[in-house]
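One structure is given here, and the rest of the page talks about it.
Hydrogens, waters and symmetry mates are skipped; everything else that's a heavy atom, side chains included, is used. Chain letters run A, B, ... following the sequence lines, proteins first, then strands; residues in each count from 1.
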Amino acid sequence: MNPLDDLNPHQKNAVEYSQGAQLIFAGAGSGKTKVLTHKIAYLIDTGAVRPENILAVTFTNKAAQELRSRVEEFVGRNAKYVHIGTFHSICARMLRREIEHLGYTKQFTIYDADDQNRLLKKIIDDTNIDIGGHKPKNILSRISYLKSWMTSPEEFKPRQGYRLEQLVKELYPLYQNALKRSNAVDFDDLLLLPLELFKQAPEILEKYRFIYQYILVDEYQDTNKPQFHIIDLLAKKHRNLCVVGDDDQSIYSWRGANIENILNFSDNYPECKVFKLEQNYRSTNNILKAASKVVANNINRTPKELWSRKSDGDLIVKIEADSDYDEAARIAAYIQREIITNKRKFKDFAILYRTNAQTRILEEILRRNNIPYTIIGGVKFYERKEIKDILAYFNVLSNSKDDINLKRIINFPPRGIGKQTLGIVEQFAFEKRISILEALNHIDALELSRRSEKSLQSFSSIIKRAADMRESIAFEEWTRVMIDEIGVRTYFKELGGEESIQRLANIDELLNDISEFCHTEDNATLESYLEKVSLSTSIDTWEDEKNTVSLMTLHSAKGLEFPVVFICGLNQGLFPLDRDNSEKVVEEERRLFYVGLTRAMEKVFLSSAQMRNRAGEMQYLPDSIFLNEIPSELMEINPVKEGVISCRCRKPQKSSGKVSFQTSDLKDKIVRPGSIVSHKIFGPGKVLDITGVGQNAKLRIHFRTCGTKTIVAKFVEVK
DNA sequence: AGCAACTCATTTTTT
DNA sequence: ATGAGTTGCT
């Protein structure tokens, strides 16, 4: 197929224009990915640019994969040479090659939120700084925000009387130093260090300018300051820069995304040509009208008019529920109704919400109704404890300075290295200015009991053996041997119980993942695998062909489309979420709502619940102001009456099979006096009486092994 | 050193 | 309603 075929005139103009800077305002569903795909193919096809000289930056790895496979349809194997990836993955790859200029080694570790948290906590412990009630996580998010605006520790001016800001001022430089000492970078560093590199070594900038002669950036409205500078520096010479975005879909200002980047693009590239794509191919007209009306309430935007040739379609359905449970039940009922009356499949539905905390109830109700679902987001696979522990071994093997990961595993599985022993080693390492792993080479110099010394020796030799093995066997095989060496499997097998079985299954899943990686990646190494792991998100691993309902936050839904979309929790305080009610914040929430509405192809359901359980207490919340912004003639309220919706009364049933490893088991324990239960330590026993209800009820249990004890319900298994 | 159970605070969104 | 951090027992 020709890259200029199958395009509307506006799309065609945008594809054809390939001389210099270009700004494409692409409304929701206007064929943005299509234009990017065709444009890359066009550049290659016409011989204007060689595939290896094209850089395309997308928002998620999934989008990158999709773009690559669509380009492949045009240009075949040439697609392989196009540089396509997210800002973070492209920067990580660049740093892997060049970071030594900045005093790190190529084996640097990418720290995730949990690693960052451990690192900051260690600093707080070591320095005895009193953080008086403030949480390390909050301090970190402030630091991250400063970094996303490129404010250095020295430049940051805390306001008088703001304790949190004083703490940030104190801890930010220490945190930064600690990262470097650990040969580690955080997500913000991935964007900042390339800029540092370009400044310190202009020849490297030249090199990449030479490689990336034509640059395309997707979702440009959500780029932040460092991202802007990276692109700007790279593009400055050839000035072949095509940015695509939609200011109405800018939803990441809280992490430093700067909408001005797109609104003021022509200030930096005065020669740029502006294109607008306003024909929507995704949604029915009613959906589009509603979305346009909503977003028109925002002041800070470029005016635009989305239109569609599609029919009006169904009205938007407003679901008015009594409670959050009722809301979930009604959603479940509408899904079943749509499946029966309109022959839809489970995978046609997405349920979108503002906060991850809303998943729990939805999950429970869907499960009770035998509706298969996949949760995108929440606890990610690679963040599970047992997985992170194994990955910590891998990280330590790659980067010997990584004390944070080393501390995770020095006593996992338990080998008798406690606080005391670790403290001695840490102190020694601190004094000698070496890493903990290096300190283990001098065990004899430490004053330790025979026992502790032996434990440390055994840990140290596991690491040494593993390091030696890396030389001689391939990565995939090495991981398998490693997992045996570590003894995690044996540990969980001996520990027993339901939870251990799940953990063992997850470890197998990890091995499968590694093996798949090794068979798809050209040169799979420990480092390249770790990089993939640290940069992958739950959206990236989402299998869209699986026939399940998708549950995710509105943020995660960006860039996706579904025939039927539910947006739930449309209550004032929850969506828009209240933290401070400045107009700027409401505008971003409104854009988020706009993003949600425009995900839908055929049908939208909007739900609110009068009463919701928030942080353990019931709250009455009025309807979201956003609901009033949709013209009433486009909406029908509770079209199906109460009697029809009865599924919430249904009895809990076992799930219809494996839904996903992210789905946790519903605990339907019914305990009464006389029930036989089993305790992990004390074994089987008979319940004598019960005080309280639910998971925290206290049970008096007579155990065969050790007589009568009082145990909290959640610690026993019902027979 | 290790685990069971308590207390207390906690709900934004994520690369 | 849950989880993290911590205590207190073995």
Practice task
Could you verify whether a donor N or O on one side chain and an acceptor N or O on the other, from A:Tyr382 and A:Asp112, lie under 3.5 Å apart?
Solution key: no
Exercise for the section: Could you tell me the separation between the NZ atom of A:Lys135 and the P atom of B:dC8, rounded to a whole number of Å? Expected result: 16 Å
Fill in the blank from the handout: Rounded to whole Å, the NZ-P distance (A:Lys419 to B:dC3) equals 16 Å
Short N/O separations, protein against nucleotides 12-15 of chain B, under 3.5 angstrom:
unit_1 : atom_1 : unit_2   : atom_2 : d
B:dT12 : O2     : A:Arg354 : NH1    : 3.4
B:dT12 : O2     : A:Arg354 : NH2    : 2.4
B:dT12 : N3     : A:Arg579 : NH1    : 2.8
B:dT12 : O4     : A:Arg579 : NH1    : 3.1
B:dT13 : OP1    : A:Asn356 : N      : 2.7
B:dT13 : OP1    : A:Asn356 : ND2    : 3.2
B:dT13 : O4'    : A:Arg354 : NH2    : 3.4
B:dT13 : O2     : A:Trp254 : NE1    : 3.2
B:dT13 : O2     : A:Arg354 : NH2    : 2.5
B:dT14 : OP1    : A:Thr553 : OG1    : 2.9
B:dT14 : OP1    : A:Ser556 : OG     : 3.1
B:dT14 : OP2    : A:Asn356 : ND2    : 3.4
B:dT14 : O4'    : A:Arg255 : NH1    : 3.3
B:dT15 : O2     : A:His88  : NE2    : 3.3

Problem - C:dA4 versus B:dT13 - spacing of their P atoms, nearest Å - result: 15 Å
Practice task
Would you indicate what A:Ser452 reaches in the nucleic acid, counting non-hydrogen atoms under 4.0 angstrom: base, sugar-phosphate, or nothing?
Solution key: nothing
Problem - Derivation of the side chain to side chain donor-acceptor pair (under 3.5 Å) call for A:Asn224 and A:Ser148 - result: CA-CA 7 Å; A:Asn224 65 16; A:Ser148 75; 5.1 Å; no
Exercise for the section: Check step by step if side chain to side chain donor-acceptor pair (under 3.5 Å) holds for A:Asp188 and A:Ser144. Expected result: CA-CA 7 Å; A:Asp188 303 302; A:Ser144 173; 2.9 Å; yes
Exercise for the section: Check the distance between C:dA1's C1' and A:Met618's CE and give it to me in whole angstrom. Expected result: 11 Å
Practice task
Please report, rounded to the nearest Å, how far the P atom of C:dA1 is from the CZ atom of A:Arg612.
Solution key: 15 Å
Handout entry: Check: A:Asp222 side chain, A:Ile251 main-chain N or O, donor-acceptor pair, under 3.5 Å
Key = yes
So which protein nitrogen or oxygen atoms get under 3.5 Å of nucleotides 4-10 of chain C's nitrogens or oxygens?
unit_1 : atom_1 : unit_2   : atom_2 : d
C:dG5  : OP1    : A:Lys121 : NZ     : 2.3

Problem - Cation-aromatic face contact A:Lys558/A:Phe59, 6.0 Å, 45 degrees - result: yes
Exercise for the section: Would you classify A:Gln420 as touching base, sugar-phosphate or nothing, given that sugar-phosphate means primed atoms plus P, OP1 and OP2, and contacts are heavy atoms under 4.0 Å? Expected result: sugar-phosphate
Handout entry: 5′-ward residue of the pair A:Thr421/A:Asn613 relative to DNA chain B
Key = A:Thr421
Exercise for the section: Determine whether the side chains of A:Asn613 and A:Tyr325 contain a donor N or O and an acceptor N or O closer than 3.5 Å. Expected result: no
Practice task
Nearest whole angstrom, please: distance from the P of B:dA9 to the NE2 of A:His134.
Solution key: 14 Å
Problem - Between A:Asn571 and A:Ser608, a side-chain donor and acceptor under 3.5 Å - result: no
Exercise for the section: Measure the distance from CG on A:Leu422 to C1' on B:dG2 and round it to the nearest whole Å. Expected result: 15 Å
Exercise for the section: Verify the distance criterion only: is there a donor paired with an acceptor across the side chains of A:Ser323 and A:Asp326 at less than 3.5 Å? Expected result: no
Exercise for the section: Would you indicate what A:Arg360 reaches in the nucleic acid, counting non-hydrogen atoms under 4.0 angstrom: base, sugar-phosphate, or nothing? Expected result: sugar-phosphate
Handout entry: Full working for side-chain contact (heavy atoms from CB on, under 4.5 Å) between A:Tyr111 and A:Ser182
Key = CA-CA 10 Å; A:Tyr111 274 6; A:Ser182 303; 3.8 Å; yes
